Amino acid sequence: MLFASFQRERDTIWRMDSRYDHSQTEAKIYQLWAKSGAFAPAKTRGKGQKPFTIIMPPPNANDPLHVGHAMFVTIEDILIRFHRMLGDDALWLPGTDHAGIETQFVFEKKLKKEGKSRFDFDRETLYQMIGDYVQENSGVALDQMKKLGASADWSRFVFTLDKKAVDEALKTLLKLHQDGLLYRDEQLVNYCTHCGTAFSNLEVEHEQRPAGFYKIKYGPFVIATARPETKFRDTALAVNPKDKRYKKHIGQTLEVLGLLGPTKMTVIADEHVDPEFGTGIMKVTPAHDPHDFELGKKHHLPVTPIITLQGRMDFSWFLNDPANDPENPVNKNLSSQAKALKTKYWQRAQKYHGLKVKQMHEEMREDLMKDGLLVDYNPNYTNTIAVCYRCQNPIEPLPLPQFFIKVKPLVEPVLQNLKNKKFRVYGAGYDKTLKHWLKNLNDWNISRQIVWGIRMPAWYSTKTNPDLLVTFLNQAGQKTSGQISELLKTHSIKTINQGLQELRAPLKAEYVLSTDSPGAEYLQETDTLDTWFSSSQWPFTTLKSLSKEDFKRFYPTQVMETAYDILVFWVMRMLFMGQYATGQLPFTDIYLHGLIRDAKGQKMSKSKGNVVNPLTVAEKYGADALRMALVIRSTAGLDKAVGEQDFRAGRNLTNKIWNASRFILGHLDKNQTGEKKLNQQFAKKLSQTIQTITQNLNQFQIGLAADTVYNQFWHWYCDECIELGKANKLGGQQLLTGLRVFLKLMHPFVPFVTEAVWQVLRQHDLTVEPTLIGASWPTDSLAQ
RNA sequence: GGACUCGUAGCUCAGUUGGUUAGAGCGUCCGGUUUACAUCCGGAAGGUCAGAGGUUCGAGCCCUCUCGAGUCCACCA
């Protein structure tokens, strides 16, 4: 039985059991690394040292790790350890993301359980509460990454809402503003009435959903629609200019009888209308349909919303019009028949007002039938609708003034750089996907109606914008809302600002963009920036927030490693934002890993109950086993099925490494010299293996490198060479050299067990390098 | 409708610029334990590399088509 102790580690006795027990080693090894100072690069870059920087994709600050995180930790740790051993100036910069919407919604759920909602608090208080909540949970993910062996430089940790990082991100916003690339506009935004915020186009999913399909009598026509509730605010009818059936109506203004009486509608012609679909005639609702909105712009139609931000029907436009009120004096001279009609419409509007869309459909169906306007109703029609990526509720396209970034000028240089191969994308065809996206990207809506995030630094003067709509909690905690000019008569601006919940500025409102308040009479926009706005700048805001020197030394970075499913959300945006803000691409190599699926290749989901918790696996089989299982034979861009048997195989490898080392150590004293020819062959093959693994890793063939080193170690070194050693055909020193080489080659993949063995070697003075994490990568000379 | 990807052993997947008898893990069968490891060792079965055609001295890999599976995008009201 062999005994060993850590060099200079007091009282830590290492017993080489016949089984490798990860639970006895991993925590100690991690501490050893931390103490050795290996995580951080040296104070200054050494002569001739190449930079190697990876900015970690920041996990959500309040989320525990899932298996996807384990994948990025493993791959990035492999790369960083490899380059650290190569002698590069290696930095792996960790951080966490505030994840605006995700986090706020988790917090709101918590509030709901306590019987509260976000509307019970002013935005400052709410922000503080969420901040405290995130603070409480933020250590979890970091500790878990350490358990997986992440050799990141924790001294350079950055959080997306750190003041310095925020300042850097806002500098870019001001630059965009100055360059005329930031604008405020009222467009149809993707509004989720359930989540209470707008989303960018990328955050909207399209789904086939059953929806009722209506054919409704519309004056002389019949129109087909799945959204009958918006017809009250239709502003035109559209037909294809080539459609013979309707040609004669083009340009006509017709009276159309609807559920609330007659309205006037002009028939316009547009190529966009498909004569084959439905009845070939389309109602135009610019306020609630993206295409109708475009059409409305083209034909100068008014934008008249009927659905509120809360997702309820708004008939105030009807109810506020005295002409519609049968009891109003303006209607006193009506005939009794006319009055009865007015009363019917008036009562309907009252009934409709405030209904949710779904209820509205039911009411309408009944009323349409009563009035004989419903030509056909198909309840089994399936339609592609936009749904919220978070809550899966339908997205309402609503007109709302928001801030947008013009992307075309930002994207151009990136496309050029892609064409000129200034950066590479590793991952099945995703370079093509990226190209396609860059070419077809729409302007980026960066406004979000939530508080957890970077507040838009836009300021509205209450003097020049008397029509700002403001909601705030007064000193007694009561909610008050109204136009600012009215509110200021009874409240001080200070009170309003302190209790401010929400500010809505009309599109024409003037604003000043500034990180500081331009004056006492200004109120700041209450919207926050899209989380991706700050993360798109992450590669340089992190480094800049640390120090000028760090930015200079580590930017641009080398590798961006993340899952392919956030290519367009994050990677693409980092490319164009980095290029724009710094004049340089933020990285040169993009490695996209696939998604981890369960053993049967099915997607992991909570509802299926097949979710693998990486920490549970790490506890059972060891972090090394988990890492190996995730990465071995994985391919960039392709999904990987991983299950219990893979973890077991990984665990078996760690045991194999442990026992092979145990054997070598126990047999060195026998001083075998071996046969010269076999020794030479051994040396040659060892060199070849080094070359292969090195080349694999340099070419980002990580799964192949893992597979190769696994097989070479197990089936060549152990099965063949050690057996030759037993027969005294291969020299003991040769085998020891081989062991050291393999420990080094395997270290990036299975860092704990290799380091544990290394420490035993060190104890026996069988290596001069004190730690494996700080050791040099083997070259094909055999002087290891 | 557009784009991308995949189809290799029973299952999950590798296969590095086209180059000897196509590999691994798990599973199956046979054998093995006097001391590195049964979390092991030796051996075996199992593949017309989806199909067809083409380029080539040579194709799992390159090209074309067909079939099958999946992902992403897309304005059919």
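Order of the sequence lines fixes the chain letters, A, B, ..., with proteins taken first and strands second; residue numbering starts at 1 for each chain. Computed from a predicted model, the values in this text were never measured in an experiment.
No salt bridge links A:Glu229 with A:Lys231; every basic N to acidic carboxylate O contact stays at or beyond 4.0 Å. In this structure, A:Asp270 pairs ionically with A:Lys298, as a charged nitrogen and a carboxylate oxygen lie closer than 4.0 Å.
Side-chain atoms of A:Ala428 lie closest to B:U5 of the nucleotides B:C37, B:U5, B:G25. Among B:A14, B:C37, B:C75, the nucleotide with an atom closest to any side-chain atom of A:His206 is B:C75. For A:His715, the listed nucleotide lying nearest its side chain is B:A24; candidates were B:A24, B:C37, B:A14. Taking every side-chain heavy atom of A:His436 into account, B:C73 is the closest of B:A24, B:C73, B:U5. Closest approach to the A:His291 side chain among B:C37, B:C75, B:U16 is made by B:C75 (side chain taken as heavy atoms from C-beta onward). Here the side chain of A:Asn659 is nearest to one of B:C73, B:C4, B:C37, namely B:C37. Distances from the side chain of A:Asp719 to the nucleotides B:A36, B:C37, B:C41 place B:C41 closest. Relative to the side chain of A:Lys432, the nucleotides B:C40, B:U5, B:U39 differ in distance, and B:U5 lies closest. Picking from B:U16, B:G25, B:C37 the nucleotide with the shortest atom distance to the side chain of A:Asn655 gives B:C37. Comparing B:A36, B:C40, B:U16 by their closest approach to the side chain of A:Glu723 singles out B:A36.
Remark: the A:Lys640 side chain and the B:A14 base include no donor-acceptor N/O pair separated by less than 3.5 Å. For A:Arg19 against B:U39, a side-chain N or O and a base N or O form a donor-acceptor pair under 3.5 Å. No donor-acceptor contact under 3.5 Å links the side chain of A:Gln701 to the base of B:A14. Donor-acceptor pairing under 3.5 Å, judged by distance alone, is present between the side chain of A:Lys656 and the base of B:C37.
Contacts of A:Asn696 with the nucleic acid, taken as non-hydrogen atoms under 4.0 Å apart, include base atoms.
Rounded to a whole angstrom, the distance from the P atom of B:U21 to that of B:C67 is 34 Å. Spacing between B:G53 and B:C13 at atom C1', rounded to whole Å, works out to 29 Å. Rounded to the nearest Å, the gap between the C1' atom of B:C29 and that of B:G46 is 11 Å. Of the P atoms belonging to B:A52 and B:U16, the separation is 23 Å, rounded to the nearest Å. Between B:U56 and B:G51, the two P atoms lie 23 Å apart (nearest whole Å). Separation of the C1' atoms belonging to B:G47 and B:U12 is 16 Å when rounded to the nearest angstrom. For the C1' atoms, the distance from B:G23 to B:A38 is 24 Å, rounded to whole Å. Separating the P atom of B:U66 from that of B:U28 is a span of 42 Å, rounded to the nearest Å.
Heavy atoms of other residues, nucleotides or ligands lying less than 6.0 angstrom from NZ of A:Lys242 number 12 at most. Remark: A:Arg245 CZ is packed, more than 12 non-hydrogen atoms of other residues, nucleotides or ligands lying under 6.0 Å away.
Ring geometry for A:Phe682 against A:Trp716 counts as parallel: the plane angle stays under 30°, on a 0 to 90° scale with 60° as the upper cut. A perpendicular orientation is assigned to the rings of A:Phe576 and A:Trp444, their planes being inclined by more than 60° (bins at 30° and 60°). Ring geometry, A:Phe221 versus A:His249: the interplanar angle exceeds 60°, so the pair is classed perpendicular (tilted spans 30 to 60°).
Under 4.0 angstrom from either OP1 or OP2 of B:C40 there lies at least one side-chain N or O belonging to A:Asn652.
The NE2-C1' distance, from A:His288 to B:C75, rounds to 18 Å in whole Å. Taking atom CD1 of A:Ile657 as the reference point, atom P of B:C40 lies 13 Å away to the nearest angstrom. Between the P atom of B:C40 and the CZ atom of A:Arg648 lies a distance of 11 Å, rounded to the nearest Å. Remark: C1' of B:G23 and CG of A:Leu704 are 11 Å apart, rounded to the nearest angstrom. Summarising the geometry, the separation between CZ on A:Arg651 and C1' on B:C37 is reported as 12 Å, rounded to the nearest angstrom.
Base pairing of B:A44: its partner is B:U28, meeting the Watson-Crick or G-U wobble criterion (both donor-acceptor distances under 3.5 Å). Nucleotide B:C49 forms no Watson-Crick or G-U wobble pair with any nucleotide shown, as no partner meets the under 3.5 Å limit on both distances. In this structure, B:C62 and B:G54 make a Watson-Crick or G-U wobble pair, each of the two defining distances being under 3.5 angstrom. In this structure, B:G7 and B:C67 make a Watson-Crick or G-U wobble pair, each of the two defining distances being under 3.5 angstrom. Of the nucleotides present, none pairs with B:U17 by Watson-Crick or G-U wobble criteria with both distances under 3.5 Å. Judged by Watson-Crick or G-U wobble contacts below 3.5 Å, the nucleotide B:G1 has B:C73 as its partner.
In summary, the aromatic rings of A:Trp437 and A:Phe569 are positioned with their centroids too far apart to meet the 6.0 Å limit.
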